[in-house]
Undergrad: 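Have a look at this one.
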Amino acid sequence: MIKIANLEKTYRTEEVETVALNKLSFEIKEGEFVAVMGPSGCGKSTLLNIVGLLDDPDEGSYQFNGIEVAKFNERKRADLRKRNIGFVFQSFNLIDELTVFENVELPLIYTGVKGADRKKRVEEVLDKMQIMHRRNHYPQQLSGGQQQRVAVARAVVNKPKLILADEPTGNLDSHNGSEVMQMLTDLNEQGTTIIMVTHSEHDARFSHRIIRMLDGQTVTENILV
Amino acid sequence: MIKNYFKTAFRNLWKNKSYGFLNVFGLAIGIACAAFIFLWVEDEMSYNHQNVKRDQLYKILENQPYEGKTYTFSATPGLLAKGMKDEIPGIKNACRMTWEQYTLFNLGEKSIYERGVYVDSSIFDMLTLPLVAGNKENAFKQLHSLVISEKMAAKFFGERDVLGKTLKVDNKEEYVITGVFKDIPQNSSIKFEWLSPFKIYNDRNGWLNEWGNNGIQTLVELEKATDPATVNKKLYSYLQSKDTTIVARPFLFGMNEWRLYSKFEEGKQTGGRIQYVRMFSTIAWIILFIACINFMNLATARSEKRAREVGVRKVLGAGKKILVAQFIGEAMILAFLSLFIAVGIISLVLPAFNTLVEKQLSIGFNNPLHILSLLAIGLLCGLVAGSYPALYLSSFNPISVFKGLKLKGSGASLIRKGLVVVQFGLSIFFIIGTIIVYNQIQHIKNRDLGYNKDNVIQTGLRGNMKDNFGVIKQQLLSSGFVENAAMSNLNQLYMGSSTGGYDWEGKDPSKKVLVTQDFISPEYIKTMGIQLTKGRDFYTDPKQDSLNVIINETFAKIIGKKDIVGTLLRNDSTNYTVVGVVKDFVFGDMYAKSDPLIFRCWPDYFGYMYVKLKPQANVERAVDKIKTTITSNNPGFPFDYIFVDDEFDKQFKSEVLIGKLSRIFALLAIVITCLGLFGLSAYTAERRTKEIGIRKVLGASVTGITSLLSKEFLILVLIAAVLAFPFAWWIMHGWLQDFAYRITISWWIFISAAVLAMFIALFTISFQAIKAALANPVKSLRTE
């Protein structure tokens, strides 16, 4: 599903040049659950941003479902992203001014799903995530665990092929953290490919494979399953 | 999706009520302000629009060259109307019309002065003057006919059904009412309450049959197909074809230009009130822009708070276009909310505004143009105010946002600072403009007129007042209230009659000098306090001076003789001897230098009486005494009077209004600017919470922090002042050029404006700065 070859990305300020990805190559098959680990600054997040089509690489190739997307422009990237990729962040990133229902509904609005259909799908997913009773609440009225559940609901409502999770349990206690990991595992079992960046060995064990990174390169790959 | 935008916009607004209030209230004031100006402009632009034929209607003006200068007058010969209609092709109708007459009408006990004109019956075919009683064909069939307004009919008879009833005119003849016309709208250049056949006036004034005598107005209606240029070509030398000595060149002056383009210099149209219309329209746009700037600044200043939302929306698939639409949509919502509040403000304040501008403006929701204009203003504000924040906010990169990286804010903050500079620059410009306009008006009002206008009462000579003047004067003098009394032909302030007919020895025969000519009684110069610089005043017996004249210094200078007293002036083959010279005094154009003037001592043409009160006289009792004295010697004529100094003040009505309006709009511009600054300083203080906390922990004082936060903005105000100065000087210097008698722009005006702006800015910012400085540093550090 994802084929990356010789990916390079360098960040430059006036005085400093930081190599974030250095000729990085790997492949991820459909239905895989991959954890990306490594120390801070090793390029995990950059990798996730590029895979999530939020950023573009300087050099190298990135094929998504067999299509070369490394040189896609902003519009094309956004189009591909909204139809295929869901995001889960460490800090949830829910919009404070929208209710739970409205937050989850947002991706469907951007993909042009009709109102009645939207309602059905949002309710379905909220039900599945067991937060239906909170549908009219605002994010700040929810606990961290509940907020992350909403975030996961929002990530999956569009039925993406790929979910990118950036330290999804980073802001949660162990109980809530485990719940979220279970949710991701369930999603994966239902066929969604998942790439998760994490610092937690515990969380990483939920995946099939761990890619360890250092200085913008993969150092080891552990296959767990 | 739209619903989602609305929701976010409203919830955002609700969550940030103070931000919303500053934006909406500022914009509402701006829109209300602009709406007032546009209503005023609309009224000015729609002058005379009640006349259906206004595109074909013209007044005849004349350019008259004298002494190398060209003057433009609206007085025309009495023979012109008929002559033009008969001899110049393309003229459908022509009409003679007198200047406005203030005539006494009596009905039983009722005696009321009403203004009106003697006019040819063709007026009914030319102007749109709907008759509610009578018909135009029969209106002027009999000589002593009277067509009156509904208002006048109601005043005398309490009803409109007054056809065939009579009113006595000037306590003499009875006139029959042959028609009643609908009241003339307030925004009409020609206003009258009654019309009477021109023949009455014509029969009394033989000079109307001379081509060289300009004393009435001429109106013409062209055929639709007629090109005014063709008529003008014929008109150019038309008067010369009648009398070769005439220098005047008549031309058509279209009704559509009467109100706004009535200023002529050297025979060329140079504008008029249109300058004020343009000026205020510009001010309206500027005020709206200032309000929109607030919106842009506050929106981008708080962008950090919305950055995450933008990031999330982008990650979820929102493209830039969608986000731009969302933020412009939000601005639109705010703009329309402001519009709604603005309409409320307009409804509340309009009566006061109407009193100020002496108009009857109304919001006029039944006028589609008004509705459309309001909607257009709302849309425009939303678009202008929302465009930059939309582009800015939608450009956020989600990666940077989520990483919590500092947003690429330096560009935005620079633009924000630039916009604050623009706002304060405009405000400072307004302050400078206001001070200069005020000073100029005061300067003119306080100028030495060359005579004493204080405590002088002016009244029209009515009935037998002229014949009984000797008795009246004696009784007034013996009353103890009155210092002197005199009569004259012309109104002291306007002196609107001149002649080019004087010659003297040594004068270039090819040149004509236009001289204002007034006929006065011997007491006049003393009564008005005009200073005699050479020779003598007129003798008390006018007969002794029937061939003697007194001239002013300007005329003496033109004649150019060393021994001016004794010089002979010739007019119509009669010689007049200059017996005295008076110091120049101001008349006619209050802003200009004195024109040449000649006083003749000739009682025939007297029209006004002037009474000078003693300085210590009790004004109320004095007026009472004058009233009883005059009415007892002139029964049947109600006593009406004005004080010359009041009338003088009225000369500056436009300027005083402009002064007042500019003060109001300057104040509002500053208020709106400060609303924005208040919000902006709040966000700055918020953004620097951590810095302030650290500084306080390290020992910074409250004063130190307050000045740290204030300095940032004060520098901007200073830059604004420096930029505004040359611009303000240039514009106001240009404005002053219109006045021959004007102030010089002094440096202190600029400094005061800048200091005032700094002070206002400091006051505005200090609230937030002090609040931030007083906050507990532990708390502020924790919030970071």
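Residue numbers begin at 1 in each chain, while the letters A, B, ... track the order of the sequences.
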Undergrad: Is B:Val315 in contact with chain A via its backbone, its side chain, both, or neither, using a 4.5 Å heavy-atom distance?
TA: both
Undergrad: For a quick test of your reading: what N or O donor-acceptor pairs under 3.5 Å do the side chains of residues 327-339 of chain B make, sequence neighbours left out?
TA:
from     : atom 1 : to       : atom 2 : distance (Å)
B:Glu330 : OE1    : B:Arg306 : NH1    : 2.5
B:Glu330 : OE2    : B:Arg306 : NH1    : 3.3
B:Glu330 : OE2    : B:Arg306 : NH2    : 2.8
B:Glu330 : OE2    : B:Gln326 : NE2    : 3.4
B:Ser338 : OG     : B:Val24  : O      : 3.4
B:Ser338 : OG     : B:Leu334 : O      : 2.7

Undergrad: Any idea which of A:Leu53, A:Asp166, A:Leu54, A:Asn158 has the most non-hydrogen atom pairs under 4.5 angstrom with chain B?
TA: A:Leu54
Undergrad: Below 4.0 angstrom, N of the basic side chain to O of the carboxylate: do B:Arg308 and A:Asp96 qualify?
TA: yes
Undergrad: Quick one: does A:Lys82's side chain get under 4.5 Å of B:Lys314's, heavy atoms only?
TA: no
Undergrad: Chain B heavy atoms under 4.5 Å from A:Arg81: which part of the residue, side chain, backbone, both or neither?
TA: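 Just the side chain, heavy atoms under 4.5 Å.
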Undergrad: Got a sec: does the OH of A:Tyr11 have more than 12 other heavy atoms crowding it under 6.0 Å?
TA: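 Counting other residues, nucleotides and ligands, OH of A:Tyr11 exceeds 12 neighbours.
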Undergrad: I'd like to know whether CZ of B:Phe25 has more than 12 heavy-atom contacts from other residues, nucleotides or ligands below 6.0 angstrom.
TA: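 No, the 6.0 Å shell around CZ holds no more than 12 heavy atoms from other groups.
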Undergrad: Check whether any side-chain heavy atom of B:Val312 sits under 4.5 Å from a side-chain heavy atom of A:Arg154, and report yes or no.
TA: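 Yes - at least one pair of side-chain heavy atoms lies under 4.5 Å apart.
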Undergrad: Identify the residues of residues 316-325 of chain B whose heavy atoms come closer than 4.5 Å to a heavy atom of chain A, ordered by number, or report 'none'.
TA: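 Residues of residues 316-325 of chain B touching chain A at under 4.5 Å: B:Leu316, B:Gly317, B:Ala318, B:Ile322.
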Undergrad: For A:Lys119, does the NZ atom have more than 12 heavy-atom neighbours from other residues, nucleotides or ligands under 6.0 Å away?
TA: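 No.
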Undergrad: Should B:Phe10 and A:Glu97 count as side-chain neighbours, where that means a heavy-atom distance under 4.5 Å?
TA: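 When only atoms from C-beta onward are counted, A:Glu97 and B:Phe10 do not touch, as no gap falls below 4.5 Å.
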Undergrad: Are there more than 12 heavy atoms of other residues, nucleotides or ligands under 6.0 Å from atom NZ of B:Lys17?
TA: yes
Undergrad: Heavy-atom distance under 4.5 Å to chain B: side chain of A:Thr99, backbone, both or neither?
TA: both
Undergrad: Under 4.5 Å from any heavy atom of chain B, what part of A:Leu94 do you find: side chain, backbone, both or neither?
TA: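 Only the backbone of A:Leu94 comes within 4.5 Å of chain B.
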Undergrad: Nearest 0.5 angstrom please: A:Ile95 CD1 to B:Arg11 CZ, how far?
TA: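 Answer for the CD1-CZ pair, A:Ile95 versus B:Arg11, is 11.0 Å.
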Undergrad: Can you tell me if CG on A:Asp215 sees more than 12 non-hydrogen neighbours from other groups inside 6.0 Å?
TA: no
